[in-house]
Amino acid sequence: MSLIIRHARVRNQKETVDIAIEGEKISAVAVNLPSSAPNEIDAGGNLVLPGLFNLHYHADKCLLGEIMRPNVSGTLPEAIEITNDFKRSYDPVEVAARAVRTLEQGVKNGTTFFRLFCDVGTIGGLRAARGLLLAREKMKDYCRIQVVAFPQEGIVRDPGAAELMEEAIKEGCDVVGGLPWYEYTDDEARRHIDICFGMAIKHDLDIHMLVDDTDDPNSRSLEYLALKTMREGFQGRVAASHCGAMAAYNDVYAAKVVDMVATAGITISVNAHINLVCSARLDREPRRRGIARVKELLARGVNVATSQDDVNDPYYPFGKPDPLECALMMAHVAQLTLPHELEAVMDMITVNPARAARVADYGIAAGMRADLVVVGAPSVHEALRLQPPRLHVFKDGREVARSVLTQELLSHRASS
Ligand SMILES: [Zn+2]
């Protein structure tokens with residue numbers, strides 16, 4: 001074997017274990033492995049997780065905050081308008097350079113899988129797609145990347161977008177995106193979903209849509225997305241992000257939709273950061289938060305993920321990006337604070353998005369891909385609380401990032 005990580009704390013196991021890695025795979029996980037390897041790392045009783053996920057990230061827009069005019073209203077429509085000004089003249093090389101800067105930071109924070117959304121439409125054409133496909137190529141030794149062809153201006157209301165999405169898929173996009181709630185009418189939202197399914201079936205690709213990202217209780221495209229998923233036999237192949245309108249639905253309708261989502265095997269990806277900032281800008285007090293009904297989804301067995309939607313762009317001015325920060329934010333907005341709920345939160349940046357992306361060889365066990373992160377804390381609770389540095393990050397059994405930061409309290413106490 002090529003590498004052993006000693007004294008690793010893995011979830012749901014009392015004793016620390018040693019993790020042996022041979023090439024790109026984990027070859028053994030056991031207490032006190034007797035064998036040795038040319039490269040050994042002592043995790044020192046710290047938590048070791050499989051590589052973290054960011055399942056929903058608009059890397060084409062990242063860091064526009066460094067050069068844009070401010071989003072005065074703080075709303076999604078103004079964010080879209082500001083971005084459009086840049087999109088008209090995007091240079092794919094420049095898009096890739098911005099994306100790579102934040103992807104590198106994400107890797108340092110333990111992210112080994114990103115699902116990137118590139119705007120595809122008549123305003124920016126294929127420029128953003130080409131930028132993110134280039135970023136994927138540049139980052140291939142550090143992380144796995146899927147690129148979603150995402151119709152940010154809609155499909156029916158942006159004639160030509162569907163054809164451009166087809167082109168983006170031909171050029172290498174992996175997932176069919178969607179934004180049905182942004183269409184002008186309910187009928188057109190359904191047509192939007194139908195068009196996306198047509199593409200996904202034709203190219204045998206999965207689907208990830210941004211759904212009902214509004215406070216309007218009449219925004220109901222999730223219901224039709226679930227129905228279509230069942231009818232087309234796409235269970236387990238569809239993810240829906242945001243779904244904030246669910247919070248505004250009446251309880252009876254919400255329960256029906258949650259049940260349909262569960263039956264359809266749809267993953268709900270909650271992007272708490274951006275919704276806390278952008279949603280309910282028209283509310284007086286109390287303000288709603290635009291967050292899907294996470295506890296009800298979990299209770300019904302729905303696969304829930306949480307991810308970093310935006311990093312310093314017209315939609316959201318912060319973002320490290322760091323999945324652990326997303327998990328902490330999720331624990332707050334969904335009020336998940338009990339020990340088993342903290343475990344559920346950790347699942348949302350690890351096993352749940354892995355299931356959504358259908359990554360089969362994911363986890364800490366013999367035969368799994370050696371994408372691992374050594375977190376500078378001994379438990380899930382402490383990892384969430386302290387947001388500690390990621391001591392070592394591995395992709396395919398190779399160390400791709402490490403932390404060398406030290407913090408010390410200096411002695412100034414008077415001696416007695
Ligand atoms: Zn988004």
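Everything quoted here is computed from the prediction, not taken from an experiment.
At most 12 non-hydrogen atoms from other residues, nucleotides or ligands lie less than 6.0 angstrom from CZ of R231. Atom CG of L338 sits in a crowded spot, with more than 12 heavy atoms from other residues, nucleotides or ligands closer than 6.0 Å. Dense packing is recorded around NE2 of H203, with more than 12 heavy atoms of other residues, nucleotides or ligands lying under 6.0 Å away.
Under the 4.5 Å side-chain criterion, counting only non-hydrogen atoms from C-beta, D141 is not in contact with V400. Between L205 and V175, the closest side-chain pair of non-hydrogen atoms is not below 4.5 Å. For the pair E223/K256, a side-chain contact is recorded, criterion being any heavy-atom separation below 4.5 Å from C-beta on. When side chains are defined from C-beta on, M165 counts as touching P151, because their heavy atoms get closer than 4.5 Å. Using a 4.5 Å heavy-atom threshold, the side chains of M209 and L225 count as touching. Counting only heavy atoms from C-beta outward, the side chains of L76 and R281 never approach each other to under 4.5 Å. In this structure the side chain of F53 never reaches within 4.5 angstrom of the side chain of T111, judged on heavy atoms. Between D259 and R300, some side-chain heavy-atom pair lies under the 4.5 Å cut-off.
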Practice item. Assess whether side-chain hydrogen bond (donor to acceptor under 3.5 Å, both in side chains) is satisfied between Q152 and K61, documenting all intermediate values. Key: CA-CA 12 Å; Q152 174 73 75; K61 297 162 186 162; 2.6 Å; yes
Practice item. Would you check, one step at a time, whether the test ring-ring contact (aromatic ring centres under 6.0 Å, His included) holds for Y57 with F117? Key: CA-CA 6 Å; Y57 176 32; F117 284 65; 9.6 Å; no
**Study point:** From CA spacing to verdict: side chain to side chain contact (heavy atoms under 4.5 Å, CB included), L47, V380
**Key:** CA-CA 7 Å; L47 182 66; V380 165; 4.3 Å; yes
Review point. Step by step, would you call N303 with R355 a side-chain hydrogen bond (donor to acceptor under 3.5 Å, both in side chains)?
Key: CA-CA 8 Å; N303 192 44; R355 189 179 310 139; 2.8 Å; yes
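To the nearest 0.5 Å, the span separating OG1 on T112 from CZ on R369 amounts to 10.0 Å. One finds the CG atom of L384 at 8.5 Å from the OG atom of S379 (value rounded to the nearest 0.5 Å). Rounding to the nearest 0.5 Å gives a distance of 4.0 Å between OH of Y184 and CZ of R157. To the nearest 0.5 angstrom, L164 atom CG is 10.0 Å from E171 atom CD. For the atom pair CH2 (W181) and OG1 (T214), the distance works out to 6.0 Å, reported to the nearest 0.5 Å. Between N54 atom CG and C143 atom SG the span is 10.5 Å, to the nearest 0.5 Å.
Remark: side-chain polar atoms of Q308 are paired, donor with acceptor, to backbone N or O of D310 under 3.5 angstrom. Under a 3.5 Å cut-off, the side chain of E341 and the backbone N or O of A331 do not form any donor-acceptor pair. Remark: side-chain polar atoms of E78 are paired, donor with acceptor, to backbone N or O of S73 under 3.5 angstrom. In this structure a side-chain-to-backbone donor-acceptor pair under 3.5 Å is present from N71 to P314. Listed for the T102 side chain is a donor-acceptor partner under 3.5 Å among the backbone atoms of A99. Listed for the Q387 side chain is a donor-acceptor partner under 3.5 Å among the backbone atoms of L324. Panel note: side chain S2, backbone I21; a donor-acceptor pair is recorded below 3.5 Å. Side-chain atoms of N46 come within 3.5 Å of backbone N or O of A43 as a donor-acceptor pair. Looking only at distances, no side-chain donor or acceptor of R402 sits under 3.5 Å from a matching main-chain atom of H392. In this structure, the side chain of R288 engages the main chain of D215 through a donor-acceptor pair within 3.5 Å.
Residues H7 and D42 have side chains that bring a donor and an acceptor to within less than 3.5 angstrom of each other. Inspection of the S307 and N271 side chains reveals an N or O donor paired with an N or O acceptor under 3.5 Å.
If you look at F114 and Y142, their ring centroids are not closer than 6.0 Å. For H192 and Y182, the gap between ring centers reaches or exceeds 6.0 Å.
Between R69 and E81, at least one side-chain N (NZ, or NE/NH1/NH2) sits under 4.0 Å from a carboxylate O, which counts as a salt bridge. Look at R130 and E167 and you find no salt bridge, because none of the NZ, NE, NH1 or NH2 atoms lies under 4.0 Å from a carboxylate O. A salt bridge links E285 with R287: at least one charged nitrogen is closer than 4.0 Å to a carboxylate oxygen. Between D313 and R98, none of the side-chain N atoms (NZ, or NE/NH1/NH2) sits under 4.0 Å from a carboxylate O, so this pair counts as no salt bridge. A salt bridge links K140 with E137; the closest basic N to acidic carboxylate O contact falls under 4.0 Å. Between D186 and R220 there is no salt bridge, since no side-chain N of the basic residue sits under 4.0 Å from a carboxylate O of the acidic one. Using a cut-off of 4.0 Å between Lys/Arg side-chain N and Asp/Glu carboxylate O, E66 and R101 are scored as salt-bridged. Under the 4.0 Å criterion applied to side-chain N and carboxylate O atoms, R144 and D396 are assigned as salt-bridge partners. Ionic pairing of R390 and D322 is present here: one or more N-O contacts between side-chain nitrogen and carboxylate oxygen are shorter than 4.0 angstrom. One finds a salt bridge joining D204 and R237 here, because a Lys/Arg side-chain nitrogen approaches an Asp/Glu carboxylate oxygen to under 4.0 Å. E22 and K25 are not joined by a salt bridge, as no carboxylate oxygen comes within less than 4.0 angstrom of a charged side-chain nitrogen. With salt bridges taken as basic N to acidic carboxylate O contacts below 4.0 Å, one links D194 and K228. Salt bridge annotation for E40-R6: present, with a cationic side-chain nitrogen under 4.0 angstrom from a carboxylate oxygen. The pair K395-E24 does not count as a salt bridge, with every side-chain nitrogen at least 4.0 angstrom from each carboxylate oxygen. A salt bridge links E166 with K202: the distance from a Lys NZ or Arg NE/NH1/NH2 to an Asp or Glu carboxylate oxygen falls below 4.0 Å.
With L297 as the partner, the side-chain contact (heavy atoms from CB on, under 4.5 Å) test is satisfied by one option alone out of I268, T267, I266, V257: I268. Evaluated for a side-chain contact (heavy atoms from CB on, under 4.5 Å) with L52, the options P323, P353, C326 yield exactly one hit, P323.
Classified by interplanar angle (parallel below 30°, tilted 30° to 60°, perpendicular above 60°), the ring pair H273/Y316 is perpendicular.
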Residues 241-252, side-chain donor-acceptor partners within the protein, below 3.5 Å, at least two apart:
{"residue": "S241", "atom": "OG", "partner": "H56", "partner atom": "ND1", "Å": "2.6"}
{"residue": "S241", "atom": "OG", "partner": "H208", "partner atom": "NE2", "Å": "2.8"}
{"residue": "H242", "atom": "ND1", "partner": "N275", "partner atom": "OD1", "Å": "2.9"}
{"residue": "H242", "atom": "NE2", "partner": "D309", "partner atom": "OD2", "Å": "3.1"}
{"residue": "Y249", "atom": "OH", "partner": "D212", "partner atom": "OD2", "Å": "3.2"}
{"residue": "Y249", "atom": "OH", "partner": "S219", "partner atom": "O", "Å": "2.5"}
{"residue": "N250", "atom": "OD1", "partner": "V252", "partner atom": "N", "Å": "3.0"}
{"residue": "N250", "atom": "OD1", "partner": "Y253", "partner atom": "N", "Å": "2.8"}
{"residue": "D251", "atom": "OD1", "partner": "R293", "partner atom": "NH1", "Å": "3.0"}
{"residue": "D251", "atom": "OD1", "partner": "R293", "partner atom": "NH2", "Å": "3.1"}

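Scanning both residues, F150 and L210, for their nearest heavy atoms gives CZ-CD2, 3.5 Å. Considering every non-hydrogen atom in both G121 and A161, the closest pair reads CA-CB, 4.4 Å.
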